[in-house]
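Inspection log for the structure reproduced underneath, given as structure tokens.
Numbering of ligands and ligand atoms starts at 1, following listing order. Positions are given from 1 along the sequence. The analysis underlying the following values was restricted to heavy atoms, covering all of them including side chains, and did not include hydrogens, waters or symmetry mates.
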Amino acid sequence: MDVFEAILKRRSIRRYLDKPVEPEKVLKCLEAARWAPSAHNSQPWHFIIVRDKSVREKLASIHPYGKHMAFSPVVIIVLADPEKSPLFWQNDVGAAIQNILLTAFSEGLGSCWIGVQFTPFEEEFKRILNIPDKFRVVCAITLGYPAHERTSTRVPLEDIVSIESYGVKLDVESFKSGKQ
Ligand SMILES: Cc1cc2nc3c(=O)[nH]c(=O)nc-3n(C[C@H](O)[C@H](O)[C@H](O)COP(=O)(O)O)c2cc1C
């Protein structure tokens, strides 16, 4: 699948079929994460594959916006080691997460990024999963075959792009024709 097509068509999926995810697909998602860019190639990440239903249910029970972890056959917990990339770990790990979401989509899987970092239950995730103190729990990602279709919206390009300096509005047609 073309990368741009995956970027446009991927949506957050929160309902899943009762169908296991092939281990190769999980590994492919993590391989995609491994090849994400990171500052100084610091690779400040670690991933925990959680399949155990009782653990997923425990995590779901403490996260008010992560109830779908109980129903996705796989949850990937994304950790960051800030010591490895003190300034940029959030950026580094964000790139790895997006690689996972896009690869999952290209493999026919649904996924959802569930924020954990800075929430009151980050410590609880660490306790349940035996995560050493030095790590931050950035997010959980659900993975499973989608049981629904979703749409989403984005603000127009003109509202989020300036030309040459802040506030000079993009005019798409002028830009395309080289006038802007
Ligand atoms: C940092 C971050 C945290 C998010 N946390 C949650 C969450 O806790 N629960 C959830 O269901 N979705 C979560 N999402 C998914 C967003 O709600 C979703 O990406 C957004 O609404 C756009 O929809 P789309 O992904 O289908 O395009 C999160 C996304 C990001 C990037």
Side-chain angles (χ1 to χ4, degrees), residues 1-18 21 25-26 28-30 32-33 35-39 44-51 53 55-82 85 87-129 131 135-161:
M1 180 183 286
D2 174 60
V3 174
F4 192 59
E5 184 187 353
I7 289 168
L8 293 189
K9 291 189 177 163
R10 177 216 59 82
R11 296 278 72 82
S12 294
I13 295 298
R14 299 182 179 89
R15 294 207 305 267
Y16 310 92
L17 299 179
D18 186 16
V21 174
K25 292 195 176 186
V26 177
K28 189 166 179 181
C29 289
L30 294 170
W35 281 98
S38 60
W45 40 59
H46 189 92
F47 306 94
I48 305 175
I49 301 167
V50 181
R51 293 165 300 182
K53 190 168 166 53
V55 177
R56 287 188 288 101
E57 283 175 346
K58 219 181 274 179
L59 298 175
S61 74
I62 59 173
H63 195 310
Y65 309 108
K67 299 301 174 205
H68 35 306
M69 286 187 282
F71 308 108
S72 68
V74 177
V75 174
I76 295 175
I77 305 294
V78 181
L79 308 182
D81 180 351
S85 181
L87 290 184
F88 294 116
W89 59 274
Q90 305 202 33
N91 306 240
D92 303 329
V93 174
I97 295 167
Q98 179 71 347
N99 277 8
I100 293 175
L101 303 186
L102 293 176
T103 303
F105 180 76
S106 75
E107 292 295 317
L109 298 172
S111 67
C112 186
W113 178 332
I114 298 168
V116 177
Q117 183 191 342
F118 299 124
T119 63
F121 27 89
E122 185 181 349
E123 284 306 314
E124 191 67 357
F125 270 59
K126 283 173 111 166
R127 196 187 58 73
I128 293 169
L129 298 166
I131 297 168
F135 287 107
R136 299 303 304 262
V137 184
V138 177
C139 76
I141 301 173
T142 49
L143 286 182
Y145 283 94
H148 67 162
E149 285 193 4
R150 293 204 53 257
T151 57
S152 191
T153 57
R154 296 293 187 268
V155 297
L157 214 50
E158 290 89 340
D159 292 0
I160 57 168
V161 179

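Looking at atom 19 (O) of ligand 1, its nearest protein heavy atom turns out to be S12 OG, 3.3 Å. Scanning all protein heavy atoms for the shortest distance to atom 11 (O) of ligand 1 gives R14 NE, 2.6 Å. When only non-hydrogen protein atoms are considered, atom 27 (O) of ligand 1 lies nearest to R154 NH2, 2.8 Å. The shortest contact between atom 2 (C) of ligand 1 and any protein heavy atom is with W113 NE1, 3.4 Å. From the protein, the heavy atom lying nearest to atom 9 (N) of ligand 1 is Y65 O, 2.8 Å.
When heavy-atom distances to ligand 1 are checked against a 4.0 Å cut-off, Q98 has no atom that comes that close, whether in backbone or side chain.
Under a 4.0 Å heavy-atom criterion, G66 is not in contact with ligand 1.
One finds a salt bridge joining E57 and K53 here, because a Lys/Arg side-chain nitrogen approaches an Asp/Glu carboxylate oxygen to under 4.0 Å.
The closest side-chain heavy-atom distance from F121 to L59 is not below 4.5 Å. Counting only heavy atoms from C-beta outward, the side chains of I97 and C139 approach each other to under 4.5 Å.
Using a 30° and 60° split on the angle between ring planes, F125 and H63 fall in the perpendicular class, above 60°.
The cationic group of R136 lies under 6.0 Å from the six-membered ring centre of F118 and within 45° of the ring axis, placing it in a cation-pi geometry.
Distance check, rounded to the nearest 0.5 Å: CD of E5 to OG of S106 gives 10.0 Å. In this structure, CE in M1 is found 9.0 Å from CD in E107, a value given to the nearest 0.5 Å.
Near R10, the atoms of ligand 1 lying under 4.0 angstrom from a non-hydrogen atom of the residue are 24 (P), 25 (O), 27 (O). For ligand 1, the atoms sitting less than 4.0 Å from at least one non-hydrogen atom of R150 are 26 (O), numbered in the order shown with element in parentheses. Within ligand 1, the atoms closer than 4.0 Å to a non-hydrogen atom of R11 are 24 (P), 26 (O), 27 (O), numbered from 1 in the order shown. Atoms of ligand 1 lying under 4.0 Å from any heavy atom of S152, numbered from 1 in the order shown and given with element: 22 (C), 23 (O), 24 (P), 27 (O).
Compare G115, C112, G94, S111 by their heavy atoms: the one nearest to atom 5 (N) of ligand 1 is in G115.
In the model, S152 has no side-chain atom that pairs as donor or acceptor with a side-chain atom of R150 under 3.5 Å.
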